[in-house]
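Below: the structure, in structure tokens.
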Amino acid sequence: LRTKVLKHVGNEACEQRFKFLFDCFPRALRKRSSTSHETNLPIHFAAKSKRTFCTILKAGLQHYPSRLGFLFHKNASRKTAFECAVDCHGRKEALRCVWHSIPPSEQHPILHRVVEHIPEYFNDFLVWYPYGLTKKDSKGLLPLHIALNRRMNISLELILMAHQRALEEKDPRLSLYPFMISAASTGTKDDGDLTTTFSLLRRNPSVCTKCYRI
């Protein structure tokens with residue numbers, strides 16, 4: 001397919017034609033508009049229209065579930081498809097489109113991708129996908145593990161209210177408890193990591209006794 005054709009994917013008048021096209025040729029969903037490594041996919045062009053964005057996202061999720069329909073793929077401007085939708089329709093409406101296209105009942109590990117690609121929207125997605133805090137990805141990681149490894153400024157209270165047992169879940173790659181991951185990041189120019197470590201231990205100090213059994 002030519003790039004000039006895919007650029008019209010955001011036109012609502014062509015919605016049904018593109019829906020038929022992607023059902024027959026799902027590879028077109030990952031057709032790039034140039035040869036660069038990270039550039040525009042059809043879903044980036046579709047972000048101009050809420051209805052078309054939902055249609056393309058659903059098609060992407062159907063054919064490429066492991067990539068969550070390319071929702072977090074970055075374009076040439078280093079923006080994810082979700083951020084493009086936010087630019088066009090605002091944060092609330094973009095989140096509503098995602099929620100309709102990726103219903104919580106399907107239990108996708110969406111919070112993991114949010115932490116990795118757009119952590120500034122973590123609290124927003126948490127409201128819509130609270131189940132994600134207890135969901136492990138293919139590597140056995142919880143969103144809390146990824147957030148701590150990336151030293152994200154996260155709301156621990158929100159996370160632990162939804163999944164208190166996360167404090168006792170080890171990172172399977174490092175074989176470390178969450179407070180240990182946080183402690184390993186201390187000694188930086190601020191005290192954020194030390195505060196996080198203290199908060200994690202205060203919520204469940206008994207986890208320290210398990211460390212002697214490692």
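In this structure, the separation between CD1 on I110 and CZ on F82 is 8.5 Å, given to the nearest 0.5 Å. Taken to the nearest 0.5 Å, the OG1 atom of T52 stands 12.0 Å off from the CG atom of L57. The OG atom of S66 sits 7.0 Å away from the CZ atom of R113 when rounded to the nearest 0.5 Å. Interatomic distance, H145 NE2 to K139 NZ, rounded to the nearest 0.5 Å: 13.5 Å. T80 contributes atom OG1, which lies 4.5 Å from atom CD1 of I118 (distance to the nearest 0.5 angstrom). Here the CZ atom belonging to F70 is positioned 6.5 Å from the CG atom belonging to L29, to the nearest 0.5 angstrom.
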Derivation and outcome, side-chain contact (heavy atoms from CB on, under 4.5 Å), residues L95 and V127:
CA-CA 10 Å; L95 282 164; V127 174; over 6 Å; no

Show, in sequence, the C-alpha distance, side-chain angles and deciding distance for W128 and V98, and conclude whether the side-chain contact (heavy atoms from CB on, under 4.5 Å) test is met.
CA-CA 10 Å; W128 296 78; V98 173; over 6 Å; no

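No donor-acceptor distance shorter than 3.5 angstrom exists from the side chain of H117 to the backbone of K74, with no hydrogens or angles considered.
For the pair K79/D87, a side-chain contact is recorded, criterion being any heavy-atom separation below 4.5 Å from C-beta on. In this structure, R67 and R30 have side chains that are in contact, with non-hydrogen atoms separated by less than 4.5 Å. Two residues are said to be in side-chain contact when any heavy atoms from C-beta on lie closer than 4.5 Å; H73 and H44 meet this criterion. Contact check for E116 versus R150: side-chain heavy atoms found under the 4.5 Å cut-off. In this structure, the side chains of Y129 and H108 stay at 4.5 Å or more apart for every pair of heavy atoms. The side-chain heavy atoms of C84 and N75, taken from C-beta on, include a pair separated by under 4.5 Å. With contacts defined as side-chain heavy-atom distances shorter than 4.5 Å, the pair L133/L144 does not qualify. Side-chain contact check for L71 versus I102: some heavy-atom pair is nearer than 4.5 Å.
Only one option out of D171, L176, V115 pairs with N149 in a side-chain contact (heavy atoms from CB on, under 4.5 Å); it is D171.
Between R78 and E83 the shortest heavy-atom distance is O-OE1, 4.2 Å. Between I56 and A46 the shortest heavy-atom distance is CG1-CB, 3.7 Å. Listed here is the closest heavy atom pair of A81 and F53: O-CE1, 3.9 Å. Between C54 and C97 the shortest heavy-atom distance is SG-CB, 3.6 Å. Residue A47 comes nearest to H89 through the heavy atom pair O-NE2, 2.7 Å, listed as atom of the first residue, atom of the second, then distance. Smallest separation of non-hydrogen atoms from K135 and L142: O-CD2, 3.7 Å.
By the 30° and 60° cut-offs, the orientation of the rings of F72 relative to F125 is tilted.
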